[in-house]
Amino acid sequence: MRTASRIANLPPYLFAEIDRKKEAKQAQGIDVISLGIGDPDTPTPDHIVDAMARAIRDPKNHQYPSYFGAKRYREAAAEWMRRRFGVDVDPATEVLALIGSKEGIAHVFLAFVDPGDYTLVPGAGYPVYHTGGILSGGQSWFMPMTEENGFLADFESTPPEVLAKAKMMFLSYPNNPTSAIATEEYFDRAIAFAREHDLLLIHDNAYSEIGFDGYRAPSILERPGAKDVAIELFSLSKAYNMTGWRVAFAAGNAQAIKALGTVKSNIDSGVFTAIQDAAIEALLGPQDSIQELCALYQRRRDLVIDTLHRIGLHAQTPKATIYVWARVPEGYTSATFAEKVLDEANVIVAPGNAYGPSGEGYVRISLTTPDDRLEEALERIKNTL
Ligand SMILES: *Cc1c(COP(=O)(O)O)cnc(C)c1O
């Protein structure tokens, strides 16, 4: 049998070699600590789990869910947007339930991108912004991101011939992997740019709730005119420790919400309704767990930054997200430094180039490892340098 060329066109999986080495080491009984993936290590708050336990016993929840999301879930999402950001969205036409934001990212291409069309993608970003395009026959233009520019993706340098064939632009702040945050002025420029070039602007706000030192990330929908050109993706994964539950929502421009919903209604049948009920409890129930989670990550952030600075590695102190973005020492690439740390310290860090061309020269260290293991990993890295 012959697979489609879109499979062969996907970029090589940059963690393949790391995974192979990790498994070989583990087979020899070596204790490998992974700081590679961003997946919360603390459990989903009890009140959310309790809501799920109740919801799963309701036979009405056992049938096919509503395609666009239960009315009560879309209303809860709209209410959360209002409480959290002061943003008004119409739950009937401007909110769509997603089976995780990754699902929405992958499917939005089918709604907007014809073969050969471009998508403007952050130079370092969540890999599906690029691979979702490849799978749908589109192409990516990587917008440069540099430390001098605060890792704000430079859409203004996109060549006219690319813009002529561009349909969408992804942005994501607070940013994975760089942990950069955006200014209001930057969002305003992005909105004007999307309007000028007739692009759908998709703002992936996966880390809106994870902020430090009092920082609280905004929604791009707070900005004037945003709803004319943009949708925003909110995920319960990182905010409420619900990565395994697969639940998120898109909010914003009604035409884009409808187009994405149309694609989805032909592919999946929505989010399990009991999970939507648990998500309602997460969005509208007590929010104390978020403060506790931010305090936990902030403590770990300080530990990582402190150690990196003591061993002479450059990293800015992030205001948000669950990652520290560190520059590799002179003479290394992302890959060779990640390899050295794995070979000599038995610690996995993510090579920055796995997130796009602007990630070269950096590694990403995730804060989702229990404190004692994180301390042990940092001690080992320190001893190898
Ligand atoms: C974790 C992450 C996601 C995935 O979120 P899900 O809702 O779990 O699919 C999306 N975007 C970014 C930037 C992320 O870091």
Side-chain angles (χ1 to χ4, degrees), residues 15 34-42 44 48 69 73 77 80 95-109 119-133 135 140 142-143 145 151-153 168-182 201-211 217 219-220 230-251 260 264 267-268 270-272 275-276 278-279 282-283 293 297 318-325 350 352 354-356 358-359 364-368:
F15 291 91
S34 177
L35 308 180
I37 50 164
D39 190 352
D41 57 305
T42 49
T44 308
I48 302 171
Y73 175 64
W80 183 83
V95 178
L96 176 69
L98 298 174
I99 311 171
S101 19
K102 183 179 188 177
E103 179 263 305
I105 295 164
H107 283 150
V108 75
F109 288 93
T119 299
L120 310 192
V121 171
Y126 189 63
V128 187
Y129 308 146
H130 173 54
T131 55
L135 289 176
S140 304
F142 287 103
M143 300 177 281
M145 288 163 69
F151 294 111
L152 295 175
M168 308 196 298
M169 168 162 78
F170 279 97
L171 296 178
S172 176
Y173 295 95
N175 184 253
N176 170 14
T178 68
S179 290
I181 57 175
L201 170 53
I202 302 154
H203 186 241
D204 182 5
N205 212 345
Y207 297 94
S208 63
E209 302 315 293
I210 312 295
S219 159
I220 199 169
I231 58 170
E232 190 158 55
L233 307 181
F234 290 95
S235 172
L236 282 84
S237 287
K238 316 302 187 340
Y240 300 101
N241 286 350
M242 291 174 75
T243 48
W245 299 61
R246 314 311 302 135
V247 61
F249 64 91
L260 178 56
K264 279 173 56 55
I267 293 179
D268 61 62
V271 180
F272 182 20
I275 291 178
Q276 296 185 55
L283 293 169
L293 198 56
Y297 293 140
K319 284 266 182 246
T321 82
I322 53 179
Y323 310 107
V324 168
W325 186 240
Y355 303 92
S358 302
R364 193 191 77 173
I365 295 171
S366 165
L367 303 175
T368 53

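These values consider heavy atoms only, across backbone and side chains, with no hydrogens, waters or symmetry-generated copies. Remember, it's 1-based here, ligands and their atoms both numbered in the order they're listed.
Tyr323 and Tyr207 have their aromatic ring centers within a separation under 6.0 angstrom. In this structure, Phe234 has its ring center under 6.0 Å from that of Trp80.
Geometrically, ligand 1 and Asn176 share a nitrogen or oxygen pair separated by less than 3.5 Å. In terms of N/O distances under 3.5 Å, ligand 1 is approached by Ser235. The N/O atoms of Lys102, backbone and side chain alike, include one that comes under 3.5 Å of an N/O atom in ligand 1.
Using a 4.0 Å cut-off to heavy atoms of Ala206, the atoms of ligand 1 that qualify are 11 (N), 12 (C), 14 (C). Near Gly100, meaning under 4.0 Å from one of its heavy atoms, ligand 1 places the atoms 7 (O), 9 (O). Of all atoms in ligand 1, numbered sequentially from 1 with element shown, those under 4.0 Å from a heavy atom of Arg246 are 6 (P), 8 (O), 9 (O). Atoms of ligand 1 found under 4.0 Å from any heavy atom of Ser237, numbered from 1 in the order shown, are 6 (P), 7 (O), 8 (O).
Atom 5 (O) of ligand 1 has its closest protein heavy atom at Ser101 OG, 3.3 Å. Here the heavy atom of the protein found nearest to atom 15 (O) of ligand 1 is Tyr207 OH, 2.6 Å. The nearest protein atom to atom 13 (C) of ligand 1, hydrogens excluded, is given as Asp204 OD2, 3.3 Å; this is a heavy-atom distance. In this structure, atom 4 (C) of ligand 1 lies nearest to the protein heavy atom Tyr126 OH, 3.5 Å.
Contact annotation: the side chain of Pro318 approaches that of Val324 to within less than 4.5 Å [non-hydrogen atoms, C-beta and beyond]. For the pair Asn205/Ser235, no side-chain contact is recorded, criterion being any heavy-atom separation below 4.5 Å from C-beta on. Met168 places a side-chain heavy atom less than 4.5 Å from the side chain of Ile202. Within the 4.5 Å cutoff, side-chain heavy atoms of Tyr126 are placed close to those of Ile105. Between Met145 and Asn175 the shortest side-chain heavy-atom distance falls below 4.5 Å.
Tyr73 and Phe249 have perpendicular rings, their planes meeting at more than 60° on a 0 to 90° scale where under 30° would count as parallel.
Only the side chain of Lys238 comes within 4.0 Å of ligand 1, judged by heavy-atom distances.
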